[in-house]
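Working notes for the structure below.
All heavy atoms count here, side chains included; hydrogens, waters and symmetry mates do not.
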Amino acid sequence: MSELGVAHRIRVAHLTSVHVRHDTRIFWKQCRSLHAANYEVHLIVADGKGDEVYHDIHIHDVGKSHSFLDRVRNSVRRVAAKACELRAQVFHLHDPELLQAAPRLAKSGGQVLFDSHEDFPVQLLGKAYLPGATKKLASALAAWYERRSCRYLSAIISATETIAHKFQKFHPRVVTVRNYPLLAEFEFQVSRPASAEPLVTYVGDITRIRGVLEMVQALALAPTVRMNLAGRCPHPKFFAELESQPGWSQVNWLGFITRAEIETVFARSVAGLVTLHPTISYVDALPVKMFEYMAAGLPVIASNFPILREIVETENCGYCVDPVNPGEIATAIRALQSDPDLVRQMGARGQLAVRHKYNWSF
């Protein structure tokens with residue numbers, strides 16, 4: 001028997017110096033999927049909360065960093081040292097900064113995988129705290145370092161096809177593992193009455209880049225429709241701007257609501273809105289909220305990003321619109337409001353697609 005686990009099981013170590021120990025993608029999806037497939041799974045974190053075994057996953061804490069500089073300089077070293085102690089057959093890196101450790105881990109004899117959750121060099125271009133010239137330099141250096149590190153990697157895992165295409169230019173083994181939501185996240189089953197009111201719904205953070213202003217502006221162009229708006233608004237000035245819009249009189253402002261209340265809201269709606277702005281963070285992302293609407297049997301009105309259009313148009317479960325064009329949003333709302341049969345058909349198709357296709361199950 002091995003000193004840290006059961007004999008004859010492949011030992012996999014997931015490494016992160018940034019993410020929380022119970023991160024959805026890392027812990028709840030990847031670690032638990034590996035455990036279900038009879039791998040011996042270890043997770044190395046740097047959060048200062050101590051070691052534990054949780055859901056049979058061995059969690060090793062190397063201590064919390066005191067600053068960004070400490071994290072980059074020392075956390076990576078501590079995480080790599082712990083990984084080498086474990087003598088795993090597979091090392092799964094989850095942060096770009098951990099690529100520094102790839103040569104050492106590869107030398108130890110294990111297979112080294114890099115999980116690219118985001119396009120890090122592109123993300124740097126959107127950092128507001130970096131001056132323009134610095135952003136470009138930082139992005140270029142990050143891209144160079146990614147390419148250089150690939151020589152030590154056995155394979156690369158990407159969260160989207162766009163990221164995969166980038167790495168395929170300089171690495172032969174790249175796979176895409178989309179970050180679909182866990183099926184368990186959709187425990188409720190919503191049954192809407194045939195005479196559902198002409199209500200559309202948005203549940204989430206109330207911010208400008210999530211397209212909430214354009215949603216409210218669209219209501220003025222669909223005067224017989226109301227919108228359930230639920231969530232937290234961290235910016236009072238933005239909320240005041242929303243209240244000043246003509247369409248605000250058609251808003252049912254709900255504030256933060258519970259999971260049970262969400263069910264009731266969805267049951268009274270004809271569509272769920274997820275019209276995120278075309279920012280670097282969103283254009284290549286898979287918003288869980290969209291799948292939540294689909295799972296509840298709601299047609300979706302989503303941003304016309306390629307990654308979302310592929311799903312919505314393939315499944316014929318809603319409409320994709322220009323998220324900064326209130327007129328397009330209003331047109332989609334009116335189309336659904338005027339056709340209850342279409343609402344039921346699109347809703348049923350979306351629900352079926354989430355159950356059988358767009359979910360993470362193990």
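- Linking Ile, Leu, Val, Met, Phe, Trp and Tyr residues whenever their side-chain heavy atoms come within less than 4.5 Å places V312 and F305 in a single cluster.
- Side-chain contact check for H35 versus H55: every heavy-atom pair is 4.5 Å or farther apart.
- For the pair K29 (side chain) and Y180 (backbone), a donor-acceptor distance under 3.5 Å is present.
- No side-chain donor from either of S116 and S158 sits under 3.5 Å from a side-chain acceptor of the other.
- In this structure, the side chain of D47 does not engage the main chain of V20 through any donor-acceptor pair within 3.5 Å.
- Using a 30° and 60° split on the angle between ring planes, W253 and W248 fall in the tilted class, from 30° to 60°.
- Residues V203 and L254 share a hydrophobic cluster, clusters being chains of Ile/Leu/Val/Met/Phe/Trp/Tyr side chains in contact below 4.5 Å.
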Is there a side chain to side chain donor-acceptor pair (under 3.5 Å) between R226 and N252? Walk through the geometry before answering.
CA-CA 7 Å; R226 297 188 63 81; N252 300 329; 2.8 Å; yes
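- Nearest heavy atoms, Y282 versus L276: CD1-CB, 3.7 Å.
- Taking all atoms of both residues into account, the shortest heavy-atom contact from Y145 to Q100 is OH-CA, 3.2 Å.
- Taking CD1 from I26 and CG from L15, the interatomic distance works out to 10.0 Å, rounded to the nearest 0.5 Å.
- By the neighbour-count criterion of 12 heavy atoms within 6.0 Å, atom CZ of R309 is densely surrounded, having more than that number from other residues, nucleotides or ligands.
- The cationic atom of R232 (NZ for Lys, CZ for Arg) lies less than 6.0 Å from the six-membered ring centre of F256 and within 45° of the ring axis.
- A donor-acceptor contact closer than 3.5 angstrom is absent between the side chains of E261 and T264.
- The two atoms that bring Y39 and V12 nearest to each other are CD2-CG2, 3.8 Å, heavy atoms only.
- Using a 4.5 Å cut-off on side-chain heavy atoms (C-beta onward), L242 and I206 make contact.
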Verdict with reasoning, Y202 to N228, per side chain to side chain contact (heavy atoms under 4.5 Å, CB included):
CA-CA 6 Å; Y202 171 78; N228 288 316; over 6 Å; no
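- Of all heavy-atom pairs spanning S17 and V79, the tightest one is CB-CG2, 4.4 Å.
- Residue W28 is grouped with residue V41 when hydrophobic side chains (ILVMFWY) are merged at heavy-atom distances under 4.5 angstrom, including chains of intermediate members.
- A donor-acceptor pair under 3.5 Å is absent between the side-chain atoms of R11 and the main chain of Q89, judged by distance alone.
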If you apply the rule side chain to side chain contact (heavy atoms under 4.5 Å, CB included), what do you find for L86 with H60, and how did you get there?
CA-CA 10 Å; L86 294 174; H60 309 268; 3.8 Å; yes
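- Using modelled atom types and a 3.5 Å distance limit, the side chains of Q30 and D115 yield a donor-acceptor pair.
- Connection of I329 to L342 is established within a shared hydrophobic cluster, with ILVMFWY side chains joined at heavy-atom distances below 4.5 Å, either directly or through further cluster members.
- Residues R21 and D23 fail the side-chain proximity criterion, which asks for heavy atoms closer than 4.5 Å.
- Scanning both residues, T207 and F238, for their nearest heavy atoms gives C-CE2, 3.4 Å.
- A donor-acceptor distance shorter than 3.5 angstrom exists from the side chain of N325 to the backbone of E328, with no hydrogens or angles considered.
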Would you please test K357 and E315 for side chain to side chain contact (heavy atoms under 4.5 Å, CB included) and show each step?
CA-CA 10 Å; K357 194 172 182 181; E315 306 304 332; 2.9 Å; yes
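- Remark: T201 OG1 to L199 CG distance equals 6.5 Å, nearest 0.5 Å.
- Distance check: M290 CE to T275 OG1 gives 12.5 Å after rounding to the nearest 0.5 Å.
- Looking only at distances, no side-chain donor or acceptor of R178 sits under 3.5 Å from a matching main-chain atom of Y358.
- With values rounded to the nearest 0.5 angstrom, C317 atom SG is found 8.0 Å from I311 atom CD1.
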H19/F27 under ring-ring contact (aromatic ring centres under 6.0 Å, His included): CA gap, chis, key distance, verdict:
CA-CA 10 Å; H19 293 82; F27 182 86; over 10 Å; no
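- Side chains of I10 and N38 form no contact here, defined as non-hydrogen atoms less than 4.5 Å apart.
- Note on ring orientation: taking the six-membered ring where Trp is involved, the planes of H14 and H94 are parallel (angle under 30°, cut-offs 30° and 60°).
- The closest donor-acceptor contact from the side chain of Y319 to the backbone of V300 lies at 3.5 Å or more, if one exists at all.
- In this structure, the side chain of D61 engages the main chain of G63 through a donor-acceptor pair within 3.5 Å.
- Within the 4.5 Å cutoff, the side chain of M346 has no heavy atoms near those of the L298 side chain.
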Which is it for R25 and V177 under the side chain to side chain contact (heavy atoms under 4.5 Å, CB included) test, yes or no, and what are the steps along the way?
CA-CA 10 Å; R25 178 177 173 89; V177 179; 4.1 Å; yes
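- Side-chain atoms of S154 do not come within 3.5 Å of backbone N or O of Q111 as any donor-acceptor pair.
- Two residues are said to be in side-chain contact when any heavy atoms from C-beta on lie closer than 4.5 Å; E214 and P323 fail this criterion.
- Separating the CG atom in D119 from the OG atom in S281 is a distance of 11.5 Å, to the nearest 0.5 Å.
- Between the side chain of Q351 and the backbone N or O of M294 there is no donor-acceptor pair closer than 3.5 Å.
- Taking every heavy atom of both residues into account, V200 and S269 meet most closely at C-OG, 4.5 Å.
- L105 and Y152 are not part of a single hydrophobic cluster, where members link through side-chain heavy atoms under 4.5 Å apart.
- The list of salt bridge (charged side-chain N to carboxylate O under 4.0 Å, His left out) pairs with a residue in residues 142-157, not counting sequence neighbours, reads E146-K166.
- A donor-acceptor pair is defined here as one N or O able to donate and one able to accept, closer than 3.5 Å; no such pair exists between the side chain of N359 and the backbone of L182.
- Using a 30° and 60° split on the angle between ring planes, F167 and F170 fall in the perpendicular class, above 60°.
- In this structure, the side chains of I44 and T16 stay at 4.5 Å or more apart for every pair of heavy atoms.
- Close placement of the Y54 and H22 rings is indicated, their centers lying within 6.0 Å of each other.
- Taken from CD1 in I257 to CD1 in I262, the straight-line distance is 4.5 Å, to the nearest 0.5 Å.
- Side-chain contact between L125 and I280: present, with at least one pair of heavy atoms (C-beta onward) separated by less than 4.5 Å.
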